[in-house]
Amino acid sequence: MNDTIKDFLKQLVAFESVSSDKSKAEISRKTAEFIKFNLETIGVHVQLIENEKEGNNPLIFGKLGENPRKKTMLFYSHYDVQPAKIEDGWDTDPFTLIEKEDGYLYGRGVNDDKGPIAATFFAIKELLEDNEVLPVNIRFLYEGEEESSSGGFEETVTKYKSFLGKIDGILVLDSSWFTDQKPSIDYGARGIAYMGIEISGPNQDQHSGLVGGSIREPMTDLIFLLSKLSDLKGKVLIEGFYDKVKLVTEEEKSLYDNLAFSLKEYKKSIGVDRVLIEDPVQTMMNMWRNPSITIHGIQGAFSEPGTKTVVPGTVIGKISMRLVPDQDPTEIADLFTHYVKKEFNKTNSPNKLKITAMGVGDWWYGNVENYIYKAGAAAIKEYWKIYPDFTRSGGSIPIIPFMEKALNAPAMILGVGQTSDGAHSQNEHLRLKNLIGGKEVIQIMLKNISKVTE
Ligand code: MN
Ligand code: MN
């Protein structure tokens, strides 16, 4: 059986389904067709749905089972992958699956998400072979644009979701364990508001030997405003920013007990001597459950090596805020705009200010008390003999809160690979044990879900 799942994964990895490369669109379509073909061999009713965003890769909608007495679980994954070239520093061809003696499979997408797709497919295939009937009804929702911000996903799902029917739970198979040693389940992700502060002065770039000292420079205004966004301890100074942040409850706090997190390892992994608060739980909370602000860069600034005496005419500061329950990203963008305008007005600058919300995305917060989490944790305990860590992502996955709303069902993220698999890097890998374990956990979890009566 292991040979079959490996062989399936080998074929899937061989498709160079890089969504960011439009010249690979035909290959991505072939990838979707390959998945469709395989799902159909086990009786899934599959439709390739054209992406509502023109030129984007199609989505795969699938259904298996219509028993109204059973729960209906939807699996989400993406079949597109990050770009990869052997010249990037891969030891072997990224699109040829290689099994090495270290017990790992190597190839682009094995962790993210082709391995999880293989685990899901074989979990269901084997359940059908063993029992002929499934413990739950199954739905598939696979996309091919996740590595390119899921373009068109929301529009397409909104338009065609009736194909899927009623959904009771969403299983997101697009993640790794929090650490290499211990399985984990994710129950949350932060939202985001990405902002641009544009300051324009002279009609074009000027020479500091010519205008230096005679005009108010846009960069000076911008740096002044950027310095007003947070203090040196990371506290955001925008008025009202923290008003809707949920306080930590005892139940939530208990989720941080015994997590496999080492502050020392964390600092070593990112190469810093100190974090803002030298405490492991507080650091995890700062990563996952507290909001933050980051200044990413300045467009229009002179940033090359050397000494150019330019006075940039227009500069745009790029800032993002990671947001948490119950902050509303649009409202935060408004608070940001209001605050920056107010600070700018105080400066009596002759320059022009323009603030743009460049993108917003919702946070996600799952309820760990619900039946999917219990069924998932019990399955992990049964297979791996250890209770999983419940973790969150400090990043943003807006399609999860979107799916929860659009499909009216709770979601959970089940990690398959390990954190050091190098999901977006060279020599991406997946431990064979994790591939098989992922498959087994899915089977046990679906059986557990079928026993839930709520
Ligand atoms: Mn992914
Ligand atoms: Mn990815």
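Indexing begins at 1, ligand by ligand and atom by atom, following the structure's order. Note that these values count all heavy atoms, side chains included, but never hydrogens, waters or copies made by symmetry. Residue numbers start at 1 and run along the sequence shown.
- Residue pairs meeting the salt bridge (charged side-chain N to carboxylate O under 4.0 Å, His left out) criterion with at least one partner in residues 175-184, sequence neighbours excluded, are Lys182-Asp389.
- Excluding waters, the set of protein N/O/S atoms under 2.8 Å from the Mn ion (ligand 2) reads Asp112 OD2, Glu147 OE1, Glu147 OE2, His424 NE2.
- Between Asp326 and Lys246, at least one side-chain N (NZ, or NE/NH1/NH2) sits under 4.0 Å from a carboxylate O, which counts as a salt bridge.
- By the ring pair (Phe, Tyr, Trp, His ring centres under 6.0 Å) test, Phe34 is found to be paired with Phe8, Phe15, residues two or more places apart in sequence or in another chain being considered.
- For the pair Glu40 and Lys36, the salt-bridge criterion is met [side-chain N within less than 4.0 Å of a carboxylate O].
- Under the 3.5 Å distance criterion, the side-chain polar atoms of Ser28 are left unmatched by any main-chain donor or acceptor of Ser19.
- Applying the salt bridge (charged side-chain N to carboxylate O under 4.0 Å, His left out) rule to pairs touching residues 425-438 yields Arg108-Glu428, sequence neighbours excluded.
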